[in-house]
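Order of the sequence lines sets the chain letters (A, B, ...), proteins ahead of strands, with each chain counted from 1. In this text the structure is predicted, and so the values were computed from the model without any measurement.
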2 protein chains.
Amino acid sequence: MPSAVKEKPLPARRNSQYNKKLSSILKAASEIIARHGFEGASIRQVAAKAGIGLSGIYYYFKSKDELLFAIQENTFSTLAESLEKRLEAVSTARERLKAVLDNHFHFFLNNMDDLKVCVHEIESLSGKYYKDILKIRRKYFGLVRNIVAENISSPAEFNDDLVSLYLFGSLNWIYMWYDPRRNPDMGVLSDQLLEIFLHGIKAT
Amino acid sequence: MPSAVKEKPLPARRNSQYNKKLSSILKAASEIIARHGFEGASIRQVAAKAGIGLSGIYYYFKSKDELLFAIQENTFSTLAESLEKRLEAVSTARERLKAVLDNHFHFFLNNMDDLKVCVHEIESLSGKYYKDILKIRRKYFGLVRNIVAENISSPAEFNDDLVSLYLFGSLNWIYMWYDPRRNPDMGVLSDQLLEIFLHGIKAT
DNA sequence: CGATAATTAGAACGAACGTTCGATAAACTT
DNA sequence: AAGTTTATCGAACGTTCGTTCTAATTATCG
């Protein structure tokens, strides 16, 4: 007879206080990790910024790794979801690629720390955490790659995989230099980069 | 009277053994830091890989920070020097931009760990180390930006600063995905990326 | 109110870190 | 061969880290 372990019913976590605190920890962790890197960030710093005790963190997350995983999963899911919503409103190949760029640029502007952590700390994950995030990334990448493919006029010359990787490079690098006070609006950047990838800087 | 401190004459470091060991430490450090990140890499790991005792590292470098600085300075100086040599052999704007891409791709292929450390661990430096590396990077960036500017046909539409940053994004991202066993030769990538930035994926 | 669960706080753990120090060996100079 | 520099080593220091444990507090609800 299987031991009749009493099933612990998931606590009613509609409790808004719980989710508020959880979100504030995620936000604090993003800031600290974005500034110091994952290995350089300490749970103590995160706890202090979130206004909680050190051990309090472990009530919400079972380890530092899980905390990083939660940031990346949360951020990447939101990014993908946001893109799919944008794609519903457009039809042409160019518009769809434009939606990819707009989505990425605007999401970045509103979630700089989160996106930096996602771009910069992929390899800080390991085991199941790494695999699960990789799966999400792959799905997002495939979505973008198909849209890139629609926009390639000579598939013999340009492979959609590689072109997508070049594009992701340009997109993922912006956290290294973009400063809203010195640089143009994200809309301008999005237009420019789209035009470059479609027609280059030599086109009329 | 100023105290007549005996000037320690720099030891004759033409000694090839010394430089051999120093290089092997730099190489080991690049590998470890590329794999674990700067904060995650330990001096003990570097020492083990270099075949030296833990404290032996401190005979060659005065701190972990200086070790990272040495890697970045060494790598970036070599990269810039290599580019200037390539530029002597070409004349047209297109050829000059091609030289930038060729240089970056081939240097990357032969120094993957070094370049990854340079791209990924800029912000792990601080103080004077950070400023000195920034100066080298700025010089290199300026060189590339001028070459990019030569290739822009409508300066009103495309700003050489931003285009260069997009380009650096594509270049600096390759360490995240390039696998010599699965991907085309660097020469192919260089040709492709040049064509994209000049004429786009929609050109004939 | 009283009981049960949800949440926080404080102290402590062992492990690993960067760095230092003094002793020691090897290499070079005279 | 003696003396001096160059290079290596092992042990140790103080600090910080991620994590755990137990006790205390707060909220929830019959």
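Against DNA chain D, the stretch residues 25-46 of chain B makes heavy-atom approaches under 4.0 Å through B/R44.
Of the candidate nucleotides C/dT8, C/dT19, D/dA7, C/dT8 has the atom lying nearest to any side-chain atom of A/K21.
The one candidate from A/L68, A/I32, A/T75 that meets the side chain to side chain contact (heavy atoms under 4.5 Å, CB included) condition with A/V117 is A/L68.
Side chain A/S55 to base C/dG10: a donor-acceptor pair is found below 3.5 Å.
For the pair A/K64 NZ and D/dT20 P, the interatomic distance rounds to 14 Å; values are reported in whole Å. What separates OH of B/Y58 from C1' of C/dG22 is a distance of 17 Å, to the nearest Å.
Nucleic acid contact for A/G53: sugar-phosphate only, since backbone atoms but no base atoms lie under 4.0 Å from a heavy atom of the residue.
In B/Y130, the OH atom is not crowded: 12 or fewer heavy atoms of neighbouring residues, nucleotides or ligands sit closer than 6.0 Å.
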message = One pair to check against side chain to side chain donor-acceptor pair (under 3.5 Å): B/Y129 and B/Q72. What are the steps and the verdict?
response = CA-CA 10 Å; B/Y129 291 142; B/Q72 297 208 22; over 6 Å; no

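Using a 4.0 Å cut-off, some side-chain N or O of A/Y59 falls inside it from OP1 or OP2 of C/dT7. An OP1 or OP2 oxygen of C/dT8 is reached within less than 4.0 angstrom by a side-chain nitrogen or oxygen of A/Y60.
At least one side-chain heavy atom of B/F197 sits under 4.5 Å from a side-chain heavy atom of B/Y166. Residues A/L165 and A/F141 form a side-chain contact, since some pair of their non-hydrogen atoms from C-beta on lies under 4.5 Å apart.
Residue B/C118 comes nearest to B/F76 through the heavy atom pair SG-CD1, 4.1 Å, listed as atom of the first residue, atom of the second, then distance.
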